[in-house]
2 protein chains.
Amino acid sequence: MRNFDQSLPMLLYRALNALMPEFRAIFRQFGLTERQWRVLRVLWEEDGKPLLALAERTLIPAPSLIGVVDRLRKGGLVERRRSATDRRVVQVWLTDGGRALQAEVTPLVDRAYAAFDGFMDPEEWRALTAMMDKIASRANGAGDPLAHKVGDEK
Amino acid sequence: MRNFDQSLPMLLYRALNALMPEFRAIFRQFGLTERQWRVLRVLWEEDGKPLLALAERTLIPAPSLIGVVDRLRKGGLVERRRSATDRRVVQVWLTDGGRALQAEVTPLVDRAYAAFDGFMDPEEWRALTAMMDKIASRANGAGDPLAHKVGDEK
DNA sequence: GTCTAATTATTAAGATATTAACAAAAAAAC
DNA sequence: GTTTTTTTGTTAATATCTTAATAATTAGAC
């Protein structure tokens, strides 16, 4: 039986556990959850994204995303619209309120991130990014947020 | 606004998303969820652990652990007992069935881990471990699974 | 053009995360 | 020894994850 605490999953989980509460505290000031912020974060960069694209980019599983978007909608931050060209597609658009939030949240988040810049030197960051990418692109295509795809071999 | 996809949290989340489905598929063969396995994994190494110690070691938040342990108990894999010396403490003990499961699950899990050994060379693993530990031990003590502790400054 | 397969979104069910609040027991202070 | 504080476990409420199954469209094959 291998070492549990030093296994790759536990290493990653522990790092995230140390990392995220600080950011969540920021989101909470604006009544946002971490996932809600992630959706907004992507829309601020590219508004009107289809749900599936949003799921991939935010790493939020599609079935969960439905609820996240709906709560954002109830909060008046986004709207849902069917695509005119492909009626299967649901696009998520920011409202004025959702757009306005960017200017408030972003500075705080950026400042929190900045605290990490000096934490490791550029070479370490490069190595870390490369290793994470390597791990993420390994695995037989599993791990994308489209859970219902995995194991579709019939 | 910084790069979202290359942010530390997203790097870690993506790696985990690629990593875990493979392991979960193994656990599922035995009717176990990932968290249930983590609890068993720790008990196989040290039986009779108190709930709080179990929460820290498995990185499962204490309120969630209650449910995880209870489902394991209903499945006949563990038992709960009050400590005789400190009646606040609830210890979790393996049943015979829970103990027997180790011999079945461990080989499969070890084999899956082994597939990663050759994936990065020893020096990369060392560097990765060091960086994750560094991140985990950074942050003001936040991130431990005892959520109600965070921000207890009154 | 019609039938079939693939894509996009959604619902459902059980398990877990996150935060806050609370009860019981033990430890520390007085 | 009683009061206060800390520790350990638990419940509650809301949000999300994970997996499987299903509806609505669209794309492809015939």
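Here is how names work: the chains are called A, B, and so on, in the same order as the sequence lines, proteins then strands, and each is numbered from 1. Computed from heavy atoms alone, side chains included, the values below leave out hydrogens, waters and symmetry copies.
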Anything under 30° is parallel, anything over 60° is perpendicular, the rest tilted; go ahead and classify A/F4 against B/W37. perpendicular

When the C1' atoms of the five terminal pairs at each end define the local axes, what inter-axis angle does the helix from C/dG1-D/dC30 to C/dC30-D/dG1 show, to 10 degrees? 30°

B/T95 side chain to B/G76 main-chain N or O, any donor-acceptor pair under 3.5 Å? yes

I'd like to know if the side chain of A/R14 and the backbone of A/D5 have a donor-acceptor N/O pair within less than 3.5 Å. yes

Report yes or no: does B/S83 contribute a side-chain atom to a donor-acceptor pair with the main-chain N or O of B/V90 at less than 3.5 Å? no

Base contacts versus sugar-phosphate-only contacts with protein, heavy atoms under 4.0 Å: please encode nucleotides 11-17 of chain D as B, S and - from 5' to 3'. BB--SSB

Grab the CG-C1' distance between A/L52 and D/dT25 for me, whole Å please. 14 Å

Verify, without hydrogens or angle tests, whether A/R82 (side chain) and A/R87 (backbone) share a donor-acceptor contact under 3.5 angstrom. yes

Nearest 0.5 angstrom please: A/L8 CG to B/L19 CG, how far? 5.0 Å

Within the structure provided, determine whether B/L65 and B/L52 are in side-chain contact (heavy-atom separation under 4.5 Å). no

B/L108 side chain near B/Q29 side chain, heavy-atom distance below 4.5 Å: yes

Could you tell me the separation between the CD1 atom of B/I135 and the CG atom of A/L128, rounded to the nearest 0.5 Å? 5.5 Å

Distance, nearest 0.5 Å, that separates CG of A/L51 from CD of A/Q91: 9.5 Å

By nearest nucleotide on DNA chain C, pick out whichever of A/A25 and A/Q91 is the more 5' one. A/Q91

Would you jot down, in residue-number order, the residues of residues 77-89 of chain B having a non-hydrogen atom under 4.0 Å from DNA chain D? B/R80, B/R82, B/R88, B/V89

Whole angstroms only, please: what is the NZ-P distance between A/K49 and C/dA9? 12 Å

